[in-house]
Amino acid sequence: MVKITLPNQEERRELLASRIKNLSNYYKIADNVCPLEMATRTKNFTEDELCELVHRAASEACARVSSTNGDPDGEGLQVMLEDFLNALKGLVPRFGVQRDNLEQIMPNGFLYYRENKKRDELIDFPIEGLFCQLIEGDPKSGLSTVAAKMALESGIPFARHISAADLMDLGESAKIHYIQNVLEDAYVSRRSCVIFDDLERILDYGALGMRYSNAILQMLMVLLKKQPPRGHGLVILCTSNRRDVLQQLGMMPVFTAVHHVPNLSTPADIMAVMESSKRFEPEEMGHIKDAMEGRHISMGIKRLLDLMTWVSPLKPDRRAAKFLQKMGEAMGWGQH
Ligand SMILES: Nc1ncnc2c1ncn2[C@@H]1O[C@H](COP(=O)(O)OP(=O)(O)OP(=O)(O)O)[C@@H](O)[C@H]1O
């Protein structure tokens, strides 16, 4: 296998400067085109992708001039910073973050409430070496979102998400190959983050008869302990709502740290999420808040958002009552 080495910032600056110089044989280059600035915006680009960027910037300039008023000053075509920035938008570097994939994981964004205010310490990952963290909590407590948010906020330039859905149609050896490929790519970047979402499902775990794929388990036991190349930092985030299963499978020692994602547990948490959704009237919220006082509450944020979506088409005069009824059923309020 050919090992790719990603150019560092100075190498990117030099390569871009030389390509832009070549381009200046054919087009004018605006003064605002700065190779250093473009080098800072192209972390984890390969040499081929940097060349592609310069090529596309020239195409962007042609398209811009032909779609506006041509060349009124008769000075020839000028490639500008905006052409580079537009070209950049259309390029997804192979060793980049796959931001869209991570954002799709959190269709309702990331809301702040009392429990998750101290988030900064969560993304303070080491620069070098391996850091493997388990993110665990109840089903529907927002585990995938917390992992995606950590990856995005960490500023790590390479991020990949592996879920059971990605592996669904693959046989066991193809699954192993897929995971190995993602990690091989991760080792290329100086800093990388890989998310294993719903780890027990990636392991093909089935509660009935305690089934799982031993081959995938053995591979993960090796890969989750494997140090990245010297000078590289690899962060692995595994989500699971079956910590007990990981314990039984002997996986817990591979984790450097465990982060527990709590359920929403107070009326203030529930109200904070409801307020940020802006779907409910103040009177409804007041009614819900009063009815929750002194009651036992423990609900995952995804479950709460699902419940809010479910009641939201109802007429406002019925919404609060329905919401409280469903919440009471889930929390067992009637039984106490
Ligand atoms: N602070 C938050 N933390 C987690 N999720 C949040 C937060 N704010 C909003 N959300 C939303 O809650 C939902 C969480 O869904 P997610 O798939 O992450 O939960 P999950 O625990 O992984 O679910 P499942 O148990 O079904 O796998 C997403 O729609 C996300 O946008």
Side-chain angles (χ1 to χ4, degrees), residues 97-124 132-154 159-168 193-207 212 235-247 251 255 257-280 285 288 297-313 323 326-327 330-331:
V97 165
Q98 295 192 338
R99 184 165 280 277
D100 288 354
N101 279 4
L102 294 181
E103 281 169 356
Q104 266 169 24
I105 295 170
M106 37 176 142
N108 294 291
F110 190 88
L111 309 171
Y112 290 97
Y113 55 96
R114 183 183 56 95
E115 290 283 8
N116 62 5
K117 285 262 159 73
K118 300 175 288 175
R119 71 203 162 94
D120 286 350
E121 67 205 46
L122 303 179
I123 52 164
D124 200 9
C132 185
Q133 170 153 293
L134 174 64
I135 299 169
E136 60 89 27
D138 283 353
K140 295 186 182 279
S141 56
L143 302 176
S144 314
T145 297
V146 169
K149 181 75 176 164
M150 283 182 180
L152 285 170
E153 296 238 321
S154 67
R160 290 290 177 279
H161 174 251
I162 302 175
S163 71
D166 300 325
L167 307 174
M168 203 161 57
C193 178
V194 178
I195 299 173
F196 287 89
D197 204 359
D198 269 338
L199 189 54
E200 68 281 356
R201 284 178 53 212
I202 290 175
L203 288 163
D204 264 342
Y205 170 77
Y212 61 92
V235 173
I236 295 181
L237 303 175
C238 299
T239 74
S240 173
N241 49 47
R242 293 302 307 268
R243 182 180 173 153
D244 57 324
V245 169
L246 302 184
Q247 183 93 47
M251 286 202 84
F255 300 113
V258 177
H259 172 65
H260 175 68
V261 177
N263 279 344
L264 305 164
S265 60
T266 64
D269 288 346
I270 304 278
M271 297 322 290
V273 173
M274 293 188 86
E275 256 162 43
S276 38
S277 83
K278 298 194 174 44
R279 286 190 199 161
F280 294 83
M285 306 253 297
I288 291 171
I297 295 169
S298 177
M299 183 173 259
I301 191 163
K302 187 175 185 184
R303 200 174 291 277
L304 174 63
L305 289 166
D306 287 350
L307 180 54
M308 284 160 53
T309 308
W310 192 70
V311 298
S312 109
F323 177 88
K326 289 285 162 199
M327 190 148 175
M331 301 292 107

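All ligand and atom numbering here is 1-based and tracks the order in the structure. Note that this is a predicted model, so its numbers are computed, not measured.
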For F110, is at least one N or O under 3.5 Å away from an N or O on ligand 1?
-> no
Could you check which of S276, A164, G142 puts a non-hydrogen atom nearest to atom 21 (O) of ligand 1?
-> G142
Taking C-beta and beyond as the side chain, do T309 and R279 meet within less than 4.5 Å on heavy atoms?
-> yes
Minimum heavy-atom separation for N263 to D138, with atom names?
-> ND2-OD2, 2.8 Å
How close do A164 and R201 get, heavy atom to heavy atom, and via which atoms?
-> CB-CB, 3.8 Å
Is V146 close to ligand 1, meaning an N/O of one under 3.5 Å from an N/O of the other?
-> no
Below 4.0 angstrom from a heavy atom of M106, which ligand 1 atoms are there? Numbered from 1 as shown, please.
-> 30 (C), 31 (O)
If you take all heavy atoms of S163 and I202, which pair is closest and at what distance?
-> C-CG1, 4.2 Å
Give yes or no for whether the N/O distance cutoff of 3.5 Å, strictly under, is met between S144 and ligand 1.
-> yes
Within the structure, does Y112 bring an N/O atom to less than 3.5 angstrom of an N/O atom in ligand 1?
-> no
With atoms numbered from 1 as shown, which atoms in ligand 1 lie under 4.0 angstrom from a non-hydrogen atom of L111?
-> 1 (N), 2 (C), 7 (C), 8 (N), 9 (C)
Short N or O distance, I301 and ligand 1, threshold 3.5 Å exclusive | no
Within 4.0 Å of some non-hydrogen atom of G109, the atoms of ligand 1 are 6 (C), 8 (N), 9 (C), 10 (N), 11 (C), 30 (C), 31 (O)
Checking T239 side chain against D198 main chain: does a donor-acceptor pair fall under 3.5 Å?
-> yes
Ligand 1-proximal atoms of N241, by part, heavy-atom distance under 4.0 Å = side chain
So, do M327 and I270 sit near enough that their side-chain heavy atoms are less than 4.5 Å apart?
-> yes
Give the single entry among K302, Q104, R303 that approaches atom 17 (O) of ligand 1 most closely by any heavy atom.
-> K302
Heavy-atom side-chain contact between F280 and V311 under 4.5 Å | yes
Closest non-hydrogen atom pair, L152 against E103 | CD1-CG, 4.1 Å
Under 4.0 Å between heavy atoms, the region of L305 that gets near ligand 1 turns out to be side chain
Under 4.0 Å from any heavy atom of P139, which atoms of ligand 1 are there?
-> 25 (O)
Within-4.5 Å side-chain heavy-atom neighbours: H259 and V146 = yes
